[in-house]
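Written out below as structure tokens is the structure these notes cover.
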Amino acid sequence: MRTAGAGTAPDGMAGERRQLINVAYRLLGSVTEAEDAVQDAYTRWYRLPRSRQEEILSPGAWLTTVTSRICLDVLGSARARRERYVGAWLPEPLPDRTEWDQPGGAGPAGVADPADQVVLDESVSMAFLVVLESMTPAERVAFVLHDVFRYPFTEIADVLDRTPAACKQLASSARRRVGAERAPVPATGQAAVVRDVKEAWRSRNIAALVALLDPAAVMTADGGGMVGTVLRPVEGGARIAQYMVAIADKAPGLELLERSVNGVPGLVAHRAGVVLTVAAFDVSDGRVTRIWAVRNPEKLRPWVREG
């Protein structure tokens, strides 16, 4: 993303912000940290002398390089922070704002920028973001920039300060972590399974829940030490079903809504209009294989309802 040539007015970069937020969210898995990274990049641009700005042919390319480098630094420090995190750390879930305009209950009444700028496609599904967490910072940057956003390795080399060949190897290593991609479950198919889970949970039907859960299913919850939840993953369909029913018994007045979570059918639990849990699912062969339940209030800010 090397730059040179004539200058471009800063006002012309406004359209780049959405792209930068999308890159940063996929790199960091956090809306808050993504916004901070993008803001930091813009701050660095405006601090450049005018003469330096005029040398830059593409401010957007420059901002992408700087934002990616900032995200690389954040990823490096995030590992130490997450070792101190209480319980499991999960990416911040994002709502589909248009769904909340429909009748039927609580939800965000004015989801603010930047969360609503993230394009909700398969590259922000919770399953995909969790896999990205298993990568080294350099692997994640190389993989996301190349495989998701189609940047050439010659430009990624400027971000990582490595050769294009080395960046290609990093992306290849990251791709192996992702593994062989199975065909994604159509939204309608996953929605039907999630709907059945909701109904079985509502009726406290353990047998029905067990039938809907893969025997080797895993449920991971993120409370961040701010709300009560299991600190370790719950493994096995039967144990998960029992846990879900126990939670239902202890939470009178809790209501489940079918809502998209990062573009994939999921469930939102709320009481009296307050969103308490956002659950994302991975489904294979008609059964739930993974559940990611985010309860940390700081990660549910895009889901907050005004008033």
Side-chain angles (χ1 to χ4, degrees), residues 87-88 90 93-109 125-127 185-223 226-297 299-300 302-305:
L90 292 175
L94 294 179
D96 181 343
R97 185 178 184 180
T98 61
E99 290 184 338
W100 297 99
D101 295 332
Q102 303 172 0
S125 70
M126 191 65 71
V185 177
T188 53
Q190 176 149 336
V193 174
V194 171
R195 183 175 303 113
D196 289 342
V197 169
K198 183 189 77 169
E199 294 305 322
W201 180 88
R202 178 182 292 168
S203 60
R204 276 59 162 181
N205 190 333
I206 291 182
L209 283 171
V210 170
L212 291 164
L213 294 165
D214 187 278
V218 178
M219 185 192 76
T220 304
D222 178 349
M226 303 181 69
V227 295
T229 191
V230 287
L231 299 181
R232 299 178 183 275
V234 180
E235 301 180 351
R239 292 186 62 196
I240 295 172
Q242 292 168 354
Y243 177 80
M244 291 175 67
V245 170
I247 290 296
D249 290 337
K250 294 178 181 178
L254 196 67
E255 182 181 356
L256 290 182
L257 300 175
E258 297 171 43
R259 293 291 185 268
S260 292
V261 180
N262 287 54
V264 179
L267 294 175
V268 174
H270 75 99
R271 182 194 290 123
V274 178
V275 173
L276 302 177
T277 304
V278 172
F281 297 81
D282 197 20
V283 174
S284 179
D285 297 326
R287 284 186 162 187
V288 174
T289 57
R290 292 296 303 261
I291 303 175
W292 298 280
V294 180
R295 302 201 67 229
N296 184 340
K299 295 185 178 183
L300 298 181
W303 301 79
V304 171
R305 182 186 184 187

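Along the sequence shown, residues are numbered consecutively beginning with 1.
- Between the CG atom in Leu300 and the CG atom in Asp222 there is a gap of 9.0 Å [rounded to 0.5 Å].
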Full working for side chain to side chain contact (heavy atoms under 4.5 Å, CB included) between Arg290 and Asp214
CA-CA 9 Å; Arg290 292 296 303 261; Asp214 187 278; over 6 Å; no

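- Taken to the nearest 0.5 Å, the NE2 atom of His270 stands 11.5 Å off from the OG1 atom of Thr277.
- The heavy-atom pair separating Val261 from Ala280 by the smallest distance is CG1-CB, 4.0 Å.
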Taking it one step at a time, do Arg232 and Val230 satisfy side chain to side chain contact (heavy atoms under 4.5 Å, CB included)?
CA-CA 6 Å; Arg232 299 178 183 275; Val230 287; over 6 Å; no

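- Distance check, rounded to the nearest 0.5 Å: OH of Tyr243 to OG1 of Thr229 gives 4.0 Å.
- Atoms CG and CE, on Asn205 and Met244 in that order, are 11.5 Å from each other to the nearest 0.5 Å.
- In this structure a side-chain-to-backbone donor-acceptor pair under 3.5 Å is present from Arg295 to Gly228.
- Between Ala208 and Ala200, the closest heavy-atom pair is CB-CB, 3.8 Å.
- When the options Val210, Leu213, Val234, Val218 are evaluated for a side-chain contact (heavy atoms from CB on, under 4.5 Å) with Arg239, the one that passes is Val234.
- Residues Pro93 and Trp303 have side chains in contact (heavy-atom distance under 4.5 Å, counting atoms from C-beta outward).
- For the side-chain contact (heavy atoms from CB on, under 4.5 Å) criterion with Val283, the lone passing option out of Val288, Leu212, Val264, Val197 is Val288.
- Leu267 CG to Glu258 CD: the interatomic distance, rounded to the nearest 0.5 Å, is 6.5 Å.
- At a threshold of 4.5 Å between non-hydrogen side-chain atoms, the residues Asp282 and Trp292 count as touching.
- What you find for Pro265 and Gln190 is that their closest heavy atoms are O-NE2, 3.5 Å.
- The shortest non-hydrogen separation linking Pro297 to Met226 is CD-CB, 3.9 Å.
- Checking side-chain atoms of Asp96 against main-chain N and O of Gly263 turns up no donor-acceptor pair under 3.5 Å.
- Lys198 contributes atom NZ, which lies 11.5 Å from atom OG of Ser203 (distance to the nearest 0.5 angstrom).
- Proximity of a side-chain donor or acceptor of Arg287 to a complementary backbone N or O of Ala211 within less than 3.5 Å is detected.
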